[in-house]
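All remarks here apply to the structure that follows.
No experiment lies behind these values; they were computed from the predicted model shown.
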Amino acid sequence: MRDFEPQCEILIDPNPTPRPRPLPIHTPKNTREVHFVDSGKPNSRRILDDVGRRLEARGVKITGLTKKARITRRESDHTLERIAEEQGLLILGVFD
């Protein structure tokens with residue numbers, strides 16, 4: 001086995017993290033509002049709070065957060081109807 005110079009050991013990152021392309025989003029009346037729906041999974045609220053802070057820093061209004069009653073169950077029709085009335089963008093998270 002050959003000995004390599006330390007600076008030559010890593011030529012490329014073996015675990016590159018690709019940068020996602022920007023996602024164009026169009027909302028009704030070009031509103032800059034977001035409503036979150038929390039799935040209730042571990043860390044979901046923490047991730048949504050972080051996303052909310054980042055969006056607010058860019059001038060996006062956070063209109064609210066709805067937390068699912070149960071992770072494994074479909075939400076009630078009443079709750080789904082209420083969420084559907086929200087203006088702007090809905091962000092549902094966090095899922096596997």
Side-chain angles (χ1 to χ4, degrees):
M1 183 160 200
R2 294 176 65 185
D3 290 323
F4 293 99
E5 294 294 321
Q7 63 268 23
C8 296
E9 289 179 4
I10 298 177
L11 299 177
I12 61 170
D13 183 355
N15 299 308
T17 303
R19 291 189 180 264
R21 292 185 308 221
L23 177 65
I25 297 173
H26 303 282
T27 58
K29 299 180 184 175
N30 208 15
T31 58
R32 293 181 55 88
E33 297 179 357
V34 170
H35 183 90
F36 292 110
V37 179
D38 182 354
S39 66
K41 290 200 172 186
N43 290 327
S44 179
R45 181 62 186 262
R46 188 174 181 183
I47 292 168
L48 293 176
D49 286 344
D50 183 51
V51 170
R53 282 190 298 275
R54 291 173 187 226
L55 290 173
E56 285 179 324
R58 294 180 178 206
V60 176
K61 179 182 176 187
I62 307 303
T63 60
L65 181 135
T66 300
K67 186 173 190 312
K68 283 185 65 176
R70 294 188 192 147
I71 296 171
T72 59
R73 304 273 182 197
R74 180 181 179 273
E75 218 35 64
S76 70
D77 288 340
H78 172 73
T79 301
L80 291 175
E81 289 170 9
R82 188 175 52 77
I83 293 170
E85 292 173 2
E86 289 290 333
Q87 297 296 311
L89 180 69
L90 290 175
I91 296 182
L92 310 164
V94 170
F95 299 93
D96 296 330

Thinking salt bridges, do Asp49 and Arg53 make one under a 4.0 Å N-O criterion? no

Indicate yes or no: does Arg46 engage Asp50 in a salt bridge with an N to O separation below 4.0 Å.
-> no

[atom1]-[atom2] distance between [X] and [Y], expressed to the nearest 0.5 angstrom:
X: Leu65; Y: Ser44; atom1: CG; atom2: OG; value: 8.0 Å
X: Ile83; Y: His78; atom1: CD1; atom2: NE2; value: 10.0 Å
X: Glu56; Y: Arg32; atom1: CD; atom2: CZ; value: 12.0 Å
X: Lys67; Y: Thr79; atom1: NZ; atom2: OG1; value: 13.0 Å

What closest approach, in Å, do Thr63 and His35 show between heavy atoms, and which atom pair accounts for it?
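For Thr63 versus His35, the nearest heavy atoms are OG1-CB, 3.4 Å.
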
Closest approach of Arg45 and Asp38, non-hydrogen atoms and distance?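 Heavy-atom minimum between the residues: CB-OD2, 3.6 Å.
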
Just by modelled atom types, is the Arg73 backbone N or O under 3.5 Å from a matching donor or acceptor in the Lys68 side chain?
yes

Side chain to side chain contact (heavy atoms under 4.5 Å, CB included) with Val60: of Val51, Leu89, Val34, only one passes, and it is Val34

Mind checking whether Leu55 and Ile91 have side chains closer than 4.5 Å, heavy atoms only?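 SC-SC contact between Leu55 and Ile91 confirmed.
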
Validation row: Thr66, Arg82 side chains within 4.5 angstrom (heavy atoms): yes

